[in-house]
Amino acid sequence: MLLTEPKFESPLQGSRQQLAKVIDIMGLGQSMYNRLAHPDRIVTVHSPVRMDDGSIRVFAGYRVQHNNALGPYKGGLRFHHHAEMDEFTALAMLMTWKCALVGLPFGGAKGGITVDPRELSVGELERLTRRFTSDLIPIIDPKKDIPAPDVNTGPREMAWIMDTFSVNKGYAVPGIVTGKPICVGGSLGRSEATGRGVTIILEETLRHFGKKISGTKVAIQGFGNVGGVTANLLYQMGAKVVAVSDWRGGIANPEGLNIADVMLHYKEHATLGNYQHAEQVSNADLLIMPCDVLIPAALESVITPENADRIKAEIIIEAANAPTTPAGEAILEKRGITVVPDILANAGGVVVSYFEWVQGMSQLFWSEEEVNDRLRRILTRSFAQVAQKVEREQLSFRMAAYSVGVGAVAEATRVRGLYP
Ligand code: NAD
């Protein structure tokens with residue numbers, strides 16, 4: 001082993017452990033590890049906001065720009081009460097490998113605000129988003145760093161960011177964010193892209209093992225943009241979605257849930273609780289329930305040594321970023337459970353974000369069919385590249401995906417050299 005193993009597993013330590021492992025496998029050396037293990041830039045802002053009662057609160061916000069060897073920094077903005085800098089740094093690193101793995105001309109970034117958005121009114125949230133954007137203006141730009149949606153942010157927040165940036169520039173700048181509403185330059189297919197990508201990668205994984213989606217039992221943690229779309233598409237494709245959940249808990253039915261009906265219920269009641277045709281299940285129990293495929297699609301570090309030995313699924317598709325800790329994964333690996341890593345499984349979002357950016361820069365817009373076709377082509381090609389490495393080099397899916405992604409970034413870093 002080239003590097004000493006960190007003693008504990010924060011998401012950042014986990015990301016660095018995985019980087020160290022792949023650097024070791026590829027023989028890239030300590031100097032390359034040193035360059036790639038640290039972000040280029042971390043900006044912390046403290047954004048003051050006038051609350052509805054007239055008082056002023058100050059919110060901490062961050063933007064971590066990890067690496068731009070291949071192109072502008074790209075990555076989501078998350079509004080969450082537990083979000084902090086180390087987590088954003090880990091997620092920014094993942095974005096760098098993810099963009100490189102699927103061949104996009106982007107580097108990695110991540111950021112957001114430490115806030116529970118449920119505690120704010122819409123007006124307060126808008127003022128916070130706009131002030132945070134204005135505080136980031138020195139470091140974001142369509143050619144520098146392009147934010148996107150993540151946990152608790154979506155098209156509404158992206159429109160506020162686009163408007164704030166544009167007002168400050170004096171002209172409309174659609175390329176400043178992706179995941180915007182269609183009417184201000186968003187791409188058709190972007191809102192479903194991450195979930196659609198998860199289903200494409202699941203299809204390819206099952207095909208790799210000689211299996212089919214129809215009848216496959218799938219449990220999904222998280223029912224937001226990624227988990228909700230994934231559940232709906234898999235249901236339409238004939239999979240048995242045996243459980244879904246949100247932050248309050250979930251519902252399960254071993255015969256498969258009627259996801260169309262669950263979606264209607266969720267839209268009407270904004271909760272999965274009191275849904276009639278299913279049992280209630282906690283988020284902890286959902287992860288260890290009987291199923292063929294487990295899809296964590298909520299937050300990071302949910303699969304750990306605490307539960308890895310009780311997971312029943314044969315395949316885990318990481319729709320969330322970093323849901324499995326390295327120690328949890330070591331147990332899964334010993335048990336022969338396949339983990340398809342986040343940087344491949346959820347790359348559909350950034351692929352269509354790239355399409356949105358290209359369309360915004362060229363002012364030429366594509367049909368939804370064209371977006372979905374191009375997405376499928378990129379993801380199936382990337383899956384094949386990773387699967388070939390799994391077979392030929394006897395690597396796990398994570399190490400195979402990392403060696404493609406990290407390898408491309410390391411090569412660009414080597415060729416570009418070191419300034420000065
Ligand atoms: P979202 O805010 O739309 O949904 C998050 C879901 O997780 C919600 O259903 C929420 O109730 C649930 N949740 C929150 N806390 C939870 C907890 N403690 N236990 C169980 N469930 C909980 O966010 P999203 O955009 O769907 O993102 C989900 C994951 O996918 C994140 O890891 C994100 O980084 C990743 N991701 C998102 C995109 C994208 O395009 N939105 C792209 C790539 C990766």
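Everything quoted here is computed from the prediction, not taken from an experiment. Below, all heavy atoms of this structure are taken into account, side chains as well, without hydrogens, waters or symmetry copies. Remember, it's 1-based here, ligands and their atoms both numbered in the order they're listed.
Looking at Asn321, its side chain never comes within 3.5 Å of a backbone N or O of Ala92 through a donor-acceptor pair. In this structure, Asn307 contributes its side chain and Ile303 its backbone to no donor-acceptor pair below 3.5 Å. Using a distance-only test at 3.5 Å, with no hydrogens or angles considered, no donor-acceptor pair links the side chain of Asn152 to the main chain of His80.
Taking OG1 of Thr129 as the start and CG of Leu77 as the end, the distance is 9.0 Å to the nearest 0.5 Å.
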Full working for side chain to side chain contact (heavy atoms under 4.5 Å, CB included) between Thr338 and Phe397: CA-CA 8 Å; Thr338 298; Phe397 273 83; 3.7 Å; yes
Arg398 and Glu333: CA distance, side-chain angles, deciding distance, salt bridge (Lys or Arg N to Asp or Glu O under 4.0 Å) verdict: CA-CA 11 Å; Arg398 185 176 320 275; Glu333 217 168 312; over 6 Å; no
Candidate pair Asn67 and Thr96, rule side chain to side chain donor-acceptor pair (under 3.5 Å), full reasoning: CA-CA 6 Å; Asn67 181 293; Thr96 303; 5.4 Å; no
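Between Gln221 and ligand 1, no pair of N/O atoms sits closer than 3.5 Å. Not one N or O of Lys110 is nearer than 3.5 Å to an N or O of ligand 1, by distance alone.
Around atom 28 (C) of ligand 1, the closest heavy atom drawn from Pro117, Ser282, Ala322, Ala297 belongs to Ala297. When Asp246, Thr271, Asn152, Leu91 are checked for heavy-atom proximity to atom 2 (O) of ligand 1, Asn152 turns out nearest. The closest heavy-atom contact to atom 41 (N) of ligand 1, among the options Val352, Val229, Asn225, Asn321, comes from Asn225.
Screening Arg376, Lys211, Arg196 against Glu203 for a salt bridge (charged side-chain N to carboxylate O under 4.0 Å, His left out) leaves a single residue, Arg376.
Taking a cutoff of 4.0 Å between a charged side-chain nitrogen and a carboxylate oxygen, Arg118 and Asp116 qualify as a salt bridge. Ionic pairing of Arg78 and Glu300 is present here: one or more N-O contacts between side-chain nitrogen and carboxylate oxygen are shorter than 4.0 angstrom.
Looking at Met95 against ligand 1, nothing comes within 4.0 Å, counting heavy atoms. Residue Arg78 touches ligand 1 through its side chain alone, judged by heavy-atom distances below 4.0 Å. Proximity of Ala148 to ligand 1, defined as any heavy-atom pair under 4.0 Å, is not found for any part of the residue.
Atom CD of Gln363 is surrounded by more than 12 heavy atoms from other residues, nucleotides or ligands within 6.0 Å.
The ligand atoms of ligand 1 that sit less than 4.0 angstrom from a heavy atom of Arg190 are 40 (O). Near Val151, with a cut-off below 4.0 Å to any heavy atom, the atoms of ligand 1 are 2 (O), 23 (O), 27 (O), 31 (C).
Atom 11 (O) of ligand 1 has its closest protein heavy atom at Trp247 N, 2.9 Å. Atom 7 (O) of ligand 1 has its closest protein heavy atom at Ala298 CB, 3.4 Å. The single protein non-hydrogen atom nearest to atom 33 (C) of ligand 1 is Asp150 OD1, 3.4 Å, given as residue, atom name and distance. Protein heavy atom at the shortest distance from atom 18 (N) of ligand 1 is Leu299 CD1, 4.0 Å. Among protein heavy atoms, the minimum distance from atom 39 (C) of ligand 1 is reached at Thr194 OG1, 3.4 Å. Scanning the protein for heavy atoms near atom 19 (N) of ligand 1, the closest one is Asn283 ND2, 3.6 Å. Counting only heavy atoms of the protein, atom 26 (O) of ligand 1 lies nearest to Val226 N, 2.9 Å. In terms of protein heavy-atom proximity, atom 6 (C) of ligand 1 is nearest to Gly224 N, 3.8 Å.
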